[in-house]
Structures are given as C-alpha cells and as structure tokens.
Amino acid sequence: MKFSSTVLLALASYAVADTVTCSSSQQCPEEKPCCSLYGECGTGSYCLGPCNPKFSYNLTSCAPAPICKSGEHQFTSTDKIISNTKYLGNADEYDFVVNNDIVTYDSSVLLTMANGSTGTVLTSTRAVWYGKVSATLKTSRTQGVVSSFILMSGVRDEIDYEFIGSFLETAQTNYYWQENLDYTQSRNISLSDTFENFHTYEIDWTEESITWSVDGQAGRVLKRDDTWNATTKRYDFPQTPSFLQVSIWPGGLASNAEGTRNWAGGYVNWDAEDLKDPGYFYVTLKDISINCYDAPANTPSDGSNSYVYTDVAGLSSNVKLSGDGTVLGSFSAVGFDMDKGSDNNIAEVSGSVPTGMGSGNNHSADDSSDIPTASVISISSVKKTTSSQSLADVTGTVSTTTKHTSSTKSVSIEDAKATSSAQATDAASSNTAEATAAATTSAVGGFEQSSSDSTTSAAAANGAVKVFASVFALGATALAAVLVI
Ligand SMILES: *[C@@H]1O[C@H](CO)[C@@H](O)[C@H](O)[C@H]1NC(C)=O
Ligand SMILES: *[C@@H]1O[C@H](CO)[C@@H](O)[C@H](O)[C@H]1NC(C)=O
Ligand SMILES: *[C@@H]1O[C@H](CO)[C@@H](O)[C@H](O)[C@H]1NC(C)=O
Ligand SMILES: *[C@@H]1O[C@H](CO)[C@@H](O)[C@H](O)[C@H]1NC(C)=O
Ligand SMILES: *[C@@H]1O[C@H](CO)[C@@H](O)[C@H](O)[C@H]1NC(C)=O
C-alpha cells in the first residue's frame, strides 16, 4: 500500500492546523494529554522525557521516568542512541534520544545545526534524582549559536551550562526552579577556548547544594539555603528527577525575542565558515558520565523502576519511587493508557513526536511567540566514520549516504533532506507505529525531496526553512503542497 498524496495532504493540514499548546494557564486536552518541553500537547514521545505533569491533562498523563543508572558513555559509536521518532521508553536498550542529525567523528559524536535549522538535542533516556553528572565536549562557535549541557526536569527545574558562540572563553552557569525564569542567577566560569578544547563539565547535585566544576575544579557552588524565597516560603532550588540534555540551538534567530538574541550574542551568522565546511555548526561530544545518588530519605517507594509524581505541585516531596513500567505500547499511548495501540500498531497520525528548539530555555521575558511551532525535525542520523576521516570527509559521507536513503530501508544518515523521502518510504511500506510517527514528523517538519537529489544537508535544512516560511505565510495548504509525492 502506498500513502496517496491525499492522505499526506490531510495529514499535513491536520498536523499544522491542530497544534495544541500548553502552559501554566492552559493544560492539554484529554486526547493529547502530554505537555512537551516545548509547550505542545501530544501523545507518544510527548509523554516521555521531561514531559510536564503540571501542564499536561492530569497527573498520570506523562509516563513514569526511568530511574537513574550510573554509567560511563563513550561516544565512539551511536549504538545506544535512538531517534525520537522511534523511541518508546525502553531505557534498558537505549541511553540517549536525539531529535536530529548526529554523526560520529574521531571517537565523538557531532550534534549538528545546518543552515537555517533549529539544531539538535540529545536527551538521556533515564532521569537523575540527585547525582554527579559530567560531559566532555567542545562547544560550537559563532555568534547567535548556543551550546548547552543541562539537567532538565518535567516541572522545569533546570541546572545549566550554556555557551555562547561568540564568547568562547566563558561557560555560563545557571539554574531555574519550575521555570521561574530569573536570569539574574547566571554566573560565569572562565576557561580556555571551548570550541578548540575539550573540557569536562560537571554538575554535582545534592539536596543541599549544586557544584559546577570544569576539569575537576569547582567554579561555582550554590547552596539550597541561599535560594529561600521569603514570599512563597520555599526553596527555589532544583529538586525533581531530571534528564541530561546536550544541545546546539539558534539563540540568535531573527524570530526570537530580542532578549534571547542579545544574550546569544546577536543574530546567527548563517554565512559562517562552519556552514561551508563541514556544512553545519556542531557540538563535539566525547563522553557523558552519570553517578546516581540515592533518592531523599523518606521518599515513598513501591518499586525501583521509575520516578512518578504524586502531586502536580512538583516538589521533591511529590515524587515517589515506583515499580511502574516506562515503555509505551505505541506512539498513541500515554501515561494513563501505556499499552494503547500496542496490539494493532495503529498510532495517532499527529502529535506523537514533539517539535522544538535545542533548548527549552528561551531567555525571553514575556514573549512566547518566539518559539517556532514547527521546526526542522529529521530522524536521527547514525553514521560511523573512521577517526582518520576529516570533517570534510564526514560531510561528503553525509551527502553521499543521503543519496541512498530512498533505495535502502536501513538508512545510516537521514538528514533534514532525506527525511521526507525516507519517511514517505516508511509510511508506504509498513504499518508500524514507527512509520506513522515518521509520517507525522514529515507532516510537521519535512518537505519534498527527490531521491536522486544530491544537495547538501545544509541546503536541505534551508529548504525546510523556506517551507516553514510558506506555512506561516500561506497556512497549512502550502505545507501540504510540498508533501505531495
Ligand atoms: C487522567 O485521565 C485519564 C483519562 O480520563 C484517567 O483514566 C486517569 O485516571 C486520570 N488520572 C488521574 C490521576 O486522575
Ligand atoms: C558572562 O560572560 C558574558 C560574555 O563574556 C557576558 O556578556 C555576561 O555579562 C557575563 N555574565 C555575568 C553574570 O558576569
Ligand atoms: C519568589 O517566588 C515568586 C513566585 O514564584 C517569584 O515571582 C519571585 O521572583 C521569587 N523571588 C525570588 C527572590 O526569586
Ligand atoms: C545559508 O542560507 C542563506 C539563506 O538561503 C544563504 O543566504 C547563505 O548563504 C547560506 N549560507 C551558506 C554558508 O551557504
Ligand atoms: C518562553 O518564554 C515564555 C515567557 O517567559 C514562556 O511563556 C514560554 O513557555 C517559554 N518557552 C519555552 C520553550 O521555554
């Protein structure tokens, strides 16, 4: 069976017309109960990771969060990394989820941001509820381009390292309690060029304090006692199970709020040298280490498989240890109906894989319109290259492999360009939830691309941006038109 263009047309219109947002003033509806990191409602992927229980339909909408497991992850391969269009919550099988292109290079993975795209987020499949975590990485460079290594919880407690591409000798540290966006808490750590040099960025997070250390040397300590909020009589201190995220994202987008753009060092320079060679901005991630600490004393427990919120207040005292499973039956499943769709593989066609930028932290004072409602999402790319290859070789591999995506089912590189054709192929040839999710992603973020085309990833992403410009200008029909196959 082949998806007809009519189906895709319907799909596309549905996806665009039907984006449901969530915020403190608007919870998600029952049929799309999960509020994603980017403030959109859906099922499936939306219910995983840092799904927000406060803005979701109800307390059991988000899936239980897989419990912390200590480990060292050397990114010499992408074996333990899965695309968000395929991941359903099995944290035993995968350690990280990515929402975009990723390539291996010289015993590391590169998180990429092609011309005009919204970057890449890599998220741990398991949450940490106190622990010592670190990442060894080189940041991206160029003004307007932001690299981040953060801990992010469902209720938006956040502990951050952020790097602005035009200030390469500064690591910015910050924290937030439940999205209380108080930007005065940012502190800098000075260090040698973060693009040229690997540094190990560590966050040691206990109930009493947070210590940010670079290369083993403490650069900032925050004590919980110093976060007392006299007005609300509580500690504005990160205290809920949090996922690790490493990301690259365009803080300096023209469509972003001025505050965000200024913080990011100004407009993204889309003519920068990295976009010519290797063809994208990139973060080089070498390793991640997770050392789990025990949950707070007196935490209620009926198992040791997951963390579950017991109240939407979202405080440390509202979390329990649970035996509940974390795996969804399909992309239409949700926390209160975990097995939905598993018997027949019929998934919702829309709203099952979130869109969004590389970080939830948008640094705007009061303008929520600066987050694109649709963005360039492609299936995770997993491409092995030998360490002797140069970056240029990697780029070459990207485009070469991409040419083959429509003829081989097991694609090793699927960039923004390949996505639409690969997804169309999936949708046409299989009835799995995964294929439907892929079709959904295509409807949200893909665009028409002929299989023989050999343009670069960057140009492809740029094409996607043009598509979105059309969407905003002409509405759903414009997007639908480019999806006709
Ligand atoms: C949330 O809503 C679903 C669907 O209506 C329901 O089955 C579930 O029991 C609700 N959960 C809570 C905690 O009320
Ligand atoms: C941190 O460094 C950046 C870049 O040098 C600077 O713009 C910012 O004001 C600094 N922030 C603090 C809190 O010192
Ligand atoms: C205390 O909490 C209130 C409500 O969340 C918030 O508006 C205020 O900024 C907090 N005060 C401080 C000093 O952070
Ligand atoms: C990125 O895309 C923009 C808009 O199409 C274009 O002007 C620019 O030259 C591109 N940059 C590179 C390095 O190709
Ligand atoms: C961006 O900031 C606005 C205002 O602070 C907030 O309402 C919105 O949810 C934020 N978006 C994200 C993705 O954090």
Side-chain angles (χ1 to χ4, degrees), residues 22-25 27-35 41 43 46-47 51-64 139 141-148 154-158 160-195 212 214 219-220 222-239 251-252 259-266 308-315 318-320 322 324 328 332-340 348 363 365-366:
C22 40
S23 64
S24 53
S25 57
Q27 284 166 260
C28 290
E30 187 171 3
E31 66 278 11
K32 287 186 171 188
C34 298
C35 183
C41 302
T43 63
Y46 284 73
C47 307
C51 170
N52 190 336
K54 290 177 89 87
F55 308 158
S56 290
Y57 175 65
N58 67 15
L59 189 59
T60 47
S61 302
C62 300
T139 70
R141 60 178 169 185
T142 306
Q143 74 171 50
V145 180
V146 182
S147 310
S148 310
V155 297
R156 306 289 175 269
D157 287 343
E158 207 178 316
D160 298 353
Y161 276 103
E162 290 186 295
F163 309 88
I164 310 296
S166 45
F167 303 117
L168 295 176
E169 297 185 345
T170 302
Q172 298 194 7
T173 65
N174 211 342
Y175 73 96
Y176 301 103
W177 176 82
Q178 292 202 5
E179 217 169 21
N180 218 352
L181 299 179
D182 178 356
Y183 300 116
T184 63
Q185 301 305 328
S186 180
R187 299 288 180 275
N188 288 343
I189 296 175
S190 296
L191 69 181
S192 70
D193 192 311
T194 60
F195 173 80
W212 287 260
V214 178
R220 178 184 187 181
L222 173 77
K223 292 193 157 47
R224 183 194 51 184
D225 289 353
D226 295 336
T227 66
W228 180 252
N229 187 319
T231 314
T232 56
K233 304 220 179 313
R234 59 165 194 235
Y235 293 104
D236 286 348
F237 184 80
Q239 55 191 269
T260 305
R261 209 164 52 233
N262 289 343
W263 167 79
V308 168
Y309 283 97
T310 56
D311 193 292
V312 289
L315 301 175
N318 307 129
V319 179
K320 71 167 183 178
S322 162
D324 291 352
L328 299 174
S332 58
V334 300
F336 54 72
D337 194 354
M338 298 280 290
D339 295 331
K340 188 175 182 186
E348 276 293 321
H363 288 266
D366 53 6

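Quick caveat: nothing in here was measured; it's all calculated off a predicted structure. All residue numbers in this chain count up from 1 along the given sequence. Order of listing sets the numbers, starting from 1, for every ligand and every atom in it.
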Does the N or O separation between Thr60 and ligand 1 drop below 3.5 Å for any pair?
yes
Looking at atom 11 (N) of ligand 2, would you say a protein heavy atom lies below 4.0 Å from it?
yes
Can you find a protein heavy atom closer to atom 2 (O) of ligand 1 than 4.0 Å?
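So far as the 4.0 Å threshold goes, atom 2 (O) of ligand 1 is in reach of a protein heavy atom.
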Heavy-atom side-chain proximity of Asn188 to Thr173 below 4.5 angstrom
no
What I'd like to find out is whether the side chain of Arg220 reaches to under 4.5 Å of the side chain of Tyr175, using heavy atoms alone.
yes
Considering only non-hydrogen protein atoms, determine which one is nearest to [atom] and report residue, atom name and distance to 0.1 Å.
{"atom": "atom 8 (C) of ligand 2", "answer": "Asn188 ND2, 3.8 Å"}
{"atom": "atom 13 (C) of ligand 2", "answer": "Ser186 O, 3.4 Å"}
{"atom": "atom 4 (C) of ligand 1", "answer": "Glu30 OE2, 3.3 Å"}

Ring-plane angle category for Tyr235 and Trp228, please: parallel below 30°, perpendicular beyond 60°, tilted otherwise.
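Rings of Tyr235 and Trp228: perpendicular, as their planes differ by over 60°.
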Ligand-side contact atoms (ligand 2) for residue partner Thr170, heavy atom cut-off under 4.0 Å:
2 (O), 5 (O)
May I ask you to check whether Asn229 has an N/O atom sitting below 3.5 Å from an N/O atom of ligand 3?
yes
Check this for me - ligand 3, Arg234, N or O atoms closer than 3.5 angstrom, yes or no?
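Yes, Arg234 has an N/O under 3.5 Å of an N/O on ligand 3.
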Give the numbers and elements of all ligand 1 atoms closer than 4.0 Å to a heavy atom of [X].
{"X": "Asn58", "result": "1 (C), 2 (O), 3 (C), 8 (C), 10 (C), 11 (N), 12 (C), 14 (O)"}
{"X": "Tyr57", "result": "2 (O), 5 (O)"}
{"X": "Phe336", "result": "1 (C), 2 (O), 3 (C), 4 (C)"}

Going by an N to O cut-off under 4.0 Å, is there a salt bridge joining Asp226 and Arg224?
no
Treating Asp157 as the side-chain partner and Gln178 as the backbone partner, does any N or O pair qualify as donor plus acceptor under 3.5 Å?
yes
Could you grab the distance from atom OH of Tyr57 to atom NZ of Lys32, nearest 0.5 Å is fine?
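Here the rounded value is 16.0 Å.
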Please report the interatomic distance CG(Asp311) to CG(Asn318), rounded to the nearest 0.5 Å.
4.5 Å
Can you name the residues that form a side chain to side chain donor-acceptor pair (under 3.5 Å) with Asp324, not counting sequence neighbours?
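Here the qualifying residues are Ser322.
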Heavy atoms only, cut-off 4.0 Å: how does Glu179 contact ligand 3, side chain, backbone, both, or neither?
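It is neither part, as no heavy atom is under 4.0 Å.
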Do the side-chain sulfurs (SG) of Cys34 and Cys62 come closer than 2.5 Å?
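Unbridged: Cys34 and Cys62.
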